[in-house]
Amino acid sequence: MIAIIKREWKRFLIMVSVLMLATALGYGFMVFHVQETNIVLVYVLAVLLIAWSANSFL
């Protein structure tokens, strides 16, 4: 039971880290006036990476 909880926390921290990185990259793109579609693609890639790392939830 404790091992499962630790594994879930690890996945949660990975998810939060990936989303924080995507947000920071999105803000960086906004500073350099990159098109909004590229910012959206960064978030789509982040969600894809999160889904790939949590494949046992399916």
Side-chain angles (χ1 to χ4, degrees):
M1 178 76 174
I2 293 176
I4 293 171
I5 293 172
K6 285 183 180 180
R7 185 175 57 210
E8 296 303 321
W9 272 104
K10 181 181 175 186
R11 289 181 181 158
F12 175 74
L13 292 176
I14 289 172
M15 178 189 69
V16 170
S17 300
V18 169
L19 287 177
M20 286 175 55
L21 181 66
T23 301
L25 195 58
Y27 278 126
F29 281 175
M30 284 177 44
V31 168
F32 292 112
H33 303 290
V34 176
Q35 291 181 348
E36 292 178 2
T37 54
N38 292 330
I39 297 170
V40 171
L41 286 176
V42 168
Y43 280 106
V44 169
L45 179 62
V47 170
L48 179 68
L49 288 173
I50 291 168
W52 177 71
S53 70
N55 58 2
S56 65
F57 291 148
L58 298 177

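The analysis underlying the following values was restricted to heavy atoms, covering all of them including side chains, and did not include hydrogens, waters or symmetry mates.
For Leu48, the side-chain contact (heavy atoms from CB on, under 4.5 Å) criterion is met by Leu45, not counting sequence neighbours. For Gln35, the side-chain contact (heavy atoms from CB on, under 4.5 Å) partners two or more places apart in sequence, or in a different chain, are Thr37, Asn38. Scored by the side-chain contact (heavy atoms from CB on, under 4.5 Å) test, Val16 finds Phe12, Met20 as partners (sequence neighbours excluded).
There is no path of hydrophobic side-chain contacts, each under 4.5 Å, that joins Val31 to Val40. Clustering ILVMFWY residues whenever any of their side-chain heavy atoms sit less than 4.5 angstrom apart, transitively, puts Trp9 in the very cluster that holds Ile50.
Taking a 4.5 Å side-chain heavy-atom cut-off between Ile, Leu, Val, Met, Phe, Trp and Tyr, the cluster of Tyr43 extends to Leu25, Tyr27, Phe29, Met30, Phe32, Val34, Ile39, Val42.
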